[in-house]
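Please read the structure below before turning to the comments.
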Protein chains: 2
Amino acid sequence: MPHQDPGFETDHNHQHCIQQALDTARSLCRERSLRLTPIRELVLKLVWQSHQPMGAYELLPALADAGFNSAPPTVYRALEFLQEQGLVHRIASLNAYVGCPHPEHPHTSGFLICRHCQRAVELDSAPVHQALADTAADVGFEIEQEMIEVVGLCPDCRDEESRDA
Amino acid sequence: MPHQDPGFETDHNHQHCIQQALDTARSLCRERSLRLTPIRELVLKLVWQSHQPMGAYELLPALADAGFNSAPPTVYRALEFLQEQGLVHRIASLNAYVGCPHPEHPHTSGFLICRHCQRAVELDSAPVHQALADTAADVGFEIEQEMIEVVGLCPDCRDEESRDA
DNA sequence: TTGATTATGTTATACTATAACAAACATTTT
DNA sequence: AAAATGTTTGTTATAGTATAACATAATCAA
Ligand SMILES: [Zn+2]
Ligand SMILES: [Zn+2]
Ligand SMILES: [Zn+2]
Ligand SMILES: [Zn+2]
């Protein structure tokens, strides 16, 4: 049984998160008859290993180290595949990518992004979703995709700033 | 007295919108003792003239036509100034900029973006805002800036698609 | 006027992402 | 197994977005 998403909690076994994300990805691709190739799996692992969202170009050196071609198309193709399967999300305001903790069913992407430690945690709030749906309905707009990127201070960094102040 | 925001309505006098936006910008800059220079004013006008969000590089030719330097820094500086004053917003998922219809007080940026006609209208929904605030408060996150970009079909384009189907 | 501040011009470069086509690999059909 | 097909990766080039750095010009405050 999967443990709770760690959110901004730092004291968890992140190796476990990574391993679980890879396992989920493998079974999900098997179900869908898709190939989680070595490159794709490596990119997914790299994205998960980082606590911060990672830029595409940050991933290239690790691809090179692993003996793969490390030209931009390689990593962008892998990221595209992973995004299509809901395994990673792109954060537009950062031009960066993060692993999705529950890729089984497609969902809207929403993040709380700390401007201090750069960590981003996925936000899945039914009330936010509902409020958006209501507002869109009011003006006759049909929602297909939501992007919510909230920047601010995570609990840890907020404490830290208030101590300094 | 300002008229209602036109939203996705097409049958309005857009010249009037533009003129009002420029007037507001001028008085706002006067109040704040800031300079709405010719370049800044032109960029603001260009952004307002377009019904679609405009990319920075799309603005350059018009700057050249008006006799200004048209290297990228020129337009990015103007956009930066306008953003700081709340006169335009950047839409991260489009790398594009739109005029803000009520720049008097700073506010979160939220948009409904039509994937068919590319129009983007600003969304200012208290319920959405509240739901986000509640959700953030639950995890101890302090919100500083919200970016909401909802992609879908505007009323016009939705009608059009359903006729074709 | 002098000096400080702000804005613009100019050149170069960094960063992000995709196009296009060839080669390698996997899968299915014969 | 061989051939045909479809998918993935390699490779080169280029498009698109944004900023650094420094010189010049305009504005503002003594
Ligand atoms: Zn997710
Ligand atoms: Zn933080
Ligand atoms: Zn606005
Ligand atoms: Zn539309």
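Chain letters run A, B, ... following the sequence lines, proteins first, then strands; residues in each count from 1.
- For A/Arg90, whose side chain is taken as the heavy atoms from C-beta onward, the closest listed nucleotide among C/dT16, C/dA7, D/dT11 is C/dT16.
- As a whole-Å value, the separation of A/Arg77 CZ from C/dA24 C1' is 12 Å.
- Remark: C1' of D/dT9 and CG of A/Leu82 are 15 Å apart, rounded to the nearest angstrom.
- Whole-Å rounding puts the A/Leu94 CG to D/dA18 C1' distance at 15 Å.
- Residues of residues 47-68 of chain B having a heavy atom closer than 4.0 Å to DNA chain C: none are found.
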Start with the C-alpha gap between B/His129 and B/His107, add the side-chain angles, then the distance that decides, and say whether ring pair (Phe, Tyr, Trp, His ring centres under 6.0 Å) holds. CA-CA 10 Å; B/His129 196 69; B/His107 55 267; over 10 Å; no
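- Taking only side-chain nitrogens and oxygens, B/Arg40 comes nearer than 4.0 Å to OP1 or OP2 of C/dA7.
- Taking atom CD on A/Glu41 and atom P on D/dT8, their separation rounds to 15 Å, with Å as the unit.
- The residue among A/Pro72 and B/Leu34 whose nearest nucleotide of DNA chain C is located toward the 5' end is B/Leu34.
- Nearer to the 5' terminus of DNA chain C, by closest-nucleotide assignment, is the contact made by B/Arg35 (compared with the other of B/Pro73 and B/Arg35).
- Taking the centre of each ring, B/His12 and B/His14 come in below the 6.0 Å mark.
- In this structure, CG in A/Leu132 is found 9.5 Å from CD in A/Gln130, a value given to the nearest 0.5 Å.
- Rounded to whole Å, atom P of C/dT6 lies 17 Å from atom CZ of B/Arg32.
- Of the candidates C/dT8, D/dT9, D/dT11, D/dT11 carries the atom nearest the A/Ala71 side chain, counting heavy atoms from C-beta on.
- Between the side chains of A/His89 and A/Glu122, at least one donor N or O sits under 3.5 Å from an acceptor N or O.
- Separating the CG atom of A/Leu36 from the C1' atom of C/dC25 is a distance of 16 Å, rounded to the nearest angstrom.
- For A/Tyr76, no side-chain nitrogen or oxygen approaches OP1 or OP2 of C/dT18 to under 4.0 Å.
- The CG atom of A/Leu59 sits 11.5 Å away from the OG1 atom of A/Thr74 when rounded to the nearest 0.5 Å.
- Rounded to a whole Å, the CG atom of A/Leu79 is 9 Å from the P atom of C/dA17.
- Within 4.0 Å (heavy atoms only), B/Tyr97 reaches sugar-phosphate atoms of the nucleic acid but no base atom.
- With B/Arg119 contributing its side chain and B/Phe8 its backbone, the two residues share a donor-acceptor pair below 3.5 Å.
- For D/dT17, the OP1/OP2 oxygens have no side-chain nitrogen or oxygen of A/Asn95 closer than 4.0 Å.
- Residue A/Asn69 places its side chain closer to D/dT11 than to any other of D/dT11, C/dT18, D/dC22.
- Minimum heavy-atom separation, B/Gln85 to B/Leu28: O-CD2, 4.2 Å.
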